[in-house]
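For reference, the structure is listed below as structure tokens.
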Amino acid sequence: MASTTPMPKEADLLIRGCGILTLSQQGFITQGAIAVKDGRITYVGKEGAVPKLRVENVIEAEGKVAMPGFVNCHTHVAMTLFRGIAEDKPLGAWLKDTIWPLERKLTREDVYWGALLGCLEMIKSGTTCFADMYFHEDAVAEAVEKAGLRAVLSQGIIEGTAELGMKTFNQALSFVEKHHEGAEGRIKAWLGPHAVYTCSEQLLRRVRRAASEKGVRIHIHLAESLEHAEKIQKNRGLTEVELLEKIGFLGPDVLAAHCIYLTEKDMRLLKKHGVKVAYNAVANAKLGLDISPVEEMKELGICVGLGTDGPASNNSLDMFETMKFACLLQKIRYRDATVMKTREAVEMATLGGAKALGLENDVGSLEPGKRADIILVDFRKPHLKPFHNVYANLVYASSGSDVDTVIVDGKILMEQRQVKVLDENKIMEKTEEKAFRLLRRNG
């Protein structure tokens with residue numbers, strides 16, 4: 001269906017000659033064109049309907065498919081520094097034996113370069129927006145600003161002791177005050193309590209009050225570990241979800257990552273309170289956890305987006321891989337090839353993710369008025385021929401290396417696989433240096 005929006009007389013950027021997967025009511029457009037002005041999409045429709053206009057930059061995109069950039073709903077992007085160093089371990093040992101000891105030695109500079117490497121990887125694989133929770137999050141914000149991406153960032157709150165809990169809580173408040181609506185609106189700052197098993201009820205109540213008072217959202221790990229879920233059930237007589245409801249924590253401003261070990265009552269409570277969920281298929285599988293009951297949550301109407309989790313537990317930030325695993329694992333869980341269709345996976349990785357982050361009015365689909373967060377996927381590849389089904393090709397046959405161009409807020413971050421905003425070689429060299437020095441410090 002062609003756009004009814006009139007074509008503007010001028011544009012900063014015109015993309016033409018491509019297929020367009022709009023993720024809107026327009027569906028898929030062949031031989032389409034997209035016009036961008038002042039960072040927003042002003043036209044999406046057939047190229048033939050485009051009159052002559054004054055335009056600063058034209059991208060000829062024959063053979064490519066334009067689509068919304070991916071929205072990665074849960075990651076710890078600076079953990080690129082830990083990629084490949086804690087393999088084949090269960091979650092508890094993975095955290096206690098390797099990850100937490102290393103994280104205690106991280107400096108702000110370590111996090112900055114690790115985050116910059118993650119931003120580079122996401123640009124090169126088509127992610128334009130991500131939700132992050134980590135330490136030294138101001139360094140992540142600096143990396144995001146430099147890379148030109150869009151992000152929802154949360155300074156991690158964790159409570160090994162009451163003193164540490166208050167320290168990290170106050171750091172998180174300071175981060176929100178400094179960075180919310182930062183980088184010309186591309187950064188949102190949230191509160192990030194790590195999990196029910198690492199934060200006391202008192203601290204979680206404090207987080208809830210602060211989020212409501214400041215009008216910011218909450219990002220938390222939930223029902224990820226069977227061990228911790230069973231311990232809380234034994235000690236409190238409640239599931240993690242029931243405990244959070246009891247203390248008034250749940251709400252439509254909460255993003256819950258993982259949500260693997262859920263009862264039917266838990267899922268009804270998540271739906272009741274409008275909680276959003278980030279499904280992390282690859283990392284959950286790699287750590288030997290279970291498969292999140294996504295089909296049941298979707299049937300209840302719970303908003304579910306996709307996340308990669310951190311590069312230490314995945315080990316990739318590639319959302320194409322995440323879409324594929326998301327589909328395959330749901331089919332295995334329910335022993336039903338008809339569940340989690342490819343179109344659903346693409347929607348969850350784009351518009352669904354935007355909804356999970358409260359950004360659906362700005363990103364997640366290609367429509368006039370929305371921010372111009374656009375990627376071009378090159379379909380002129382042997383593994384993407386013949387072109388029978390765009391969704392199937394994206395989910396089951398594509399990878400991040402098929403992304404040709406990445407645009408955020410109308411700014412071209414990568415074109416023809418060449419990143420324009422970052423020095424790739426310098427970033428890779430610095431992160432190699434940082435990672436190995438960190439390991440030596442840990443030794």
Side-chain angles (χ1 to χ4, degrees), residues 23-24 67-77 115 118-119 122 126-134 137 140-141 144-145 147-156 172 175-176 179-193 207 211-212 214-222 250-259 270 273-280 292 294 297-298 301-310 317 319 322-323 326 345-367 370-375 408-409:
L23 274 297
S24 73
M67 62 179 289
F70 293 118
V71 179
N72 185 344
C73 284
H74 178 69
T75 191
H76 316 285
V77 69
C119 288
M122 286 189 284
T127 291
T128 55
C129 178
F130 68 100
D132 191 76
M133 178 203 297
Y134 211 52
E137 198 70 6
V140 180
V144 169
E145 186 164 5
L149 290 171
R150 192 179 306 279
V152 169
L153 307 179
S154 305
Q155 170 74 23
F175 178 79
V176 166
H179 291 285
H180 195 50
E181 301 294 348
E184 299 178 333
R186 288 186 286 105
I187 292 177
K188 306 288 185 186
W190 293 9
L191 295 176
V207 170
S212 298
K214 294 184 176 298
V216 298
R217 297 183 177 226
I218 300 170
H219 188 172
I220 188 171
H221 298 84
L222 183 63
L250 300 178
D253 56 355
V254 173
L255 174 67
H258 299 293
C259 291
L270 294 179
H273 293 283
V275 174
K276 316 301 189 297
V277 172
Y279 170 34
N280 304 280
S292 179
V294 171
M297 287 192 278
K298 285 167 51 194
I302 296 170
C303 176
V304 182
L306 298 182
T308 60
D309 209 348
L317 292 166
M319 287 290 284
T322 291
M323 288 192 297
V346 174
E347 289 174 346
M348 290 168 67
T350 53
L351 186 56
K355 289 177 179 177
L357 302 187
L359 300 176
E360 68 272 23
N361 291 331
D362 286 321
V363 299
S365 59
L366 301 184
E367 302 177 69
K370 286 197 171 186
R371 306 304 302 183
D373 290 9
I374 305 163
I375 65 174
V408 175
D409 250 7

Heavy-atom side-chain proximity of Thr127 to Leu317 below 4.5 angstrom:
no
Rounded to the nearest 0.5 Å, what's the gap from CG on Leu270 to CD1 on Ile302? Could you check?
5.0 Å
Can you confirm whether Lys355 is buried at NZ, in the sense that more than 12 heavy atoms of other residues, nucleotides or ligands lie under 6.0 Å from that atom?
no
Any side-chain heavy atom of Leu153 within less than 4.5 Å of one from Phe175?
yes
With sequence neighbours left out, the residues meeting side-chain hydrogen bond (donor to acceptor under 3.5 Å, both in side chains) with Ser24 are Thr22
Heavy atoms, side chains only, cut-off 4.5 Å: are Met297 and Tyr279 in contact?
no
Are Trp190 and Leu255 packed together at the side-chain level, in the sense that at least one heavy-atom pair is separated by less than 4.5 angstrom?
yes
Just so I know, are the side chains of Phe70 and Thr128 near enough to count as touching, which here means a heavy-atom distance under 4.5 Å?
no
Mind checking ring-ring contact (aromatic ring centres under 6.0 Å, His included) for His258 and listing every partner two or more places apart, or none if nothing turns up?
His74, His221
Could you please spell out the steps behind the side-chain contact (heavy atoms from CB on, under 4.5 Å) verdict for Val152 and Leu359?
CA-CA 10 Å; Val152 169; Leu359 300 176; 4.2 Å; yes
How long is the straight-line distance from OG of Ser154 back to CG of Leu191, given to the nearest 0.5 Å?
7.0 Å
Salt bridge (Lys or Arg N to Asp or Glu O under 4.0 Å) involving Lys276 - partner list, sequence neighbours excluded:
none
